[in-house]
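Here's the structure, in structure tokens; my notes come after.
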Amino acid sequence: MKILYFAWMRGKTGIGEEDVSPPETVTDVAGLVAWLKTRGPGFEDAFSDMKVVRAAVNQEFVELDAAVGGNDEVAFFPPVTGG
């Protein structure tokens, strides 16, 4: 599974992208976030307020209950504002 982090998510996690192998119990975005938060304080901080984090699976915006699998690309980023 490829994970992409954008904007301040990148700064807090310290990486822009990575390939991960979450446990089989991770079947949706919420489970993935919970697992990522266990990987260190930067990840815990990045995902501390999911009201300001958007997720996309395979370039489609999704909610936290969206399914994820081993071949998916999951992106996390703050909401985009216009102006």
Exercise. Would you check if the side chain of Asp72 reaches a backbone N or O of Met1 as a donor-acceptor pair within less than 3.5 Å?
Key: no
Practice problem: Could you please spell out the steps behind the side chain to side chain contact (heavy atoms under 4.5 Å, CB included) verdict for Val62 and Val74? | Solution: CA-CA 10 Å; Val62 297; Val74 183; over 6 Å; no
Quiz prompt | 4.5 Å side-chain heavy-atom contact, Trp8 and Thr13 | solution = no
Quiz item: Is Lys12 salt-bridged to Glu44, cutoff N-O under 4.0 Å?
Solution: no
Quiz item: Relative to the ring of Phe76, is the ring of Tyr5 parallel (under 30°), tilted (30 to 60°) or perpendicular (over 60°)?
Solution: parallel
Quiz item: Rounded to the nearest 0.5 Å, what separation is found between the CD atom of Gln59 and the CG atom of Leu4?
Solution: 8.5 Å
Quiz item: On the ring face of Phe61, is Arg54 found with NZ or CZ under 6.0 Å from the centre and within 45° of the axis?
Solution: yes
Exercise. Determine the minimum heavy-atom distance between Asp45 and Ser48, stating which atoms define it.
Key: O-OG, 3.0 Å
Quiz item: What residue pairs, at least two apart or across chains, pass ring pair (Phe, Tyr, Trp, His ring centres under 6.0 Å) with a residue in residues 11-42?
Solution: none
Practice problem: Under the side chain to side chain contact (heavy atoms under 4.5 Å, CB included) rule, what do Asp65 and Val29 come out as? Steps first, then yes or no, please. | Solution: CA-CA 6 Å; Asp65 62 350; Val29 174; over 6 Å; no
Exercise. For side chain to side chain contact (heavy atoms under 4.5 Å, CB included), just list the numbers for Val68 and Thr27, CA-CA rounded to whole Å, side-chain angles, deciding distance to a tenth of an Å, and then say yes or no.
Key: CA-CA 5 Å; Val68 293; Thr27 59; 5.9 Å; no
Practice problem: Report the C-alpha separation of Phe43 and Ile15 in whole Å, then their side-chain angles, then the decisive distance to 0.1 Å, and conclude whether the side chain to side chain contact (heavy atoms under 4.5 Å, CB included) test is met. | Solution: CA-CA 10 Å; Phe43 290 93; Ile15 52 177; 4.0 Å; yes
Quiz item: For the hydrophobic clusters of this structure (ILVMFWY residues joined by side-chain heavy atoms under 4.5 Å, transitively), does one cluster hold both Met9 and Leu64?
Solution: yes
Quiz item: When you look at CG of Asp49, are more than 12 heavy atoms from neighbouring residues, nucleotides or ligands closer to it than 6.0 Å?
Solution: yes
Quiz item: What pair of heavy atoms forms the shortest contact from Ala46 to Val53, and how long is it?
Solution: O-CG2, 3.8 Å
Quiz item: Roughly how far apart are Glu60 CD and Glu73 CD, rounded to 0.5 Å?
Solution: 11.5 Å
Self-check item: Residues in salt bridge (charged side-chain N to carboxylate O under 4.0 Å, His left out) contact with Glu17, at least two apart in sequence or another chain
Solution: Lys2
Quiz item: Mind checking whether Phe77 and Val20 sit in one hydrophobic cluster, side chains of I, L, V, M, F, W, Y counted as touching below 4.5 Å?
Solution: no
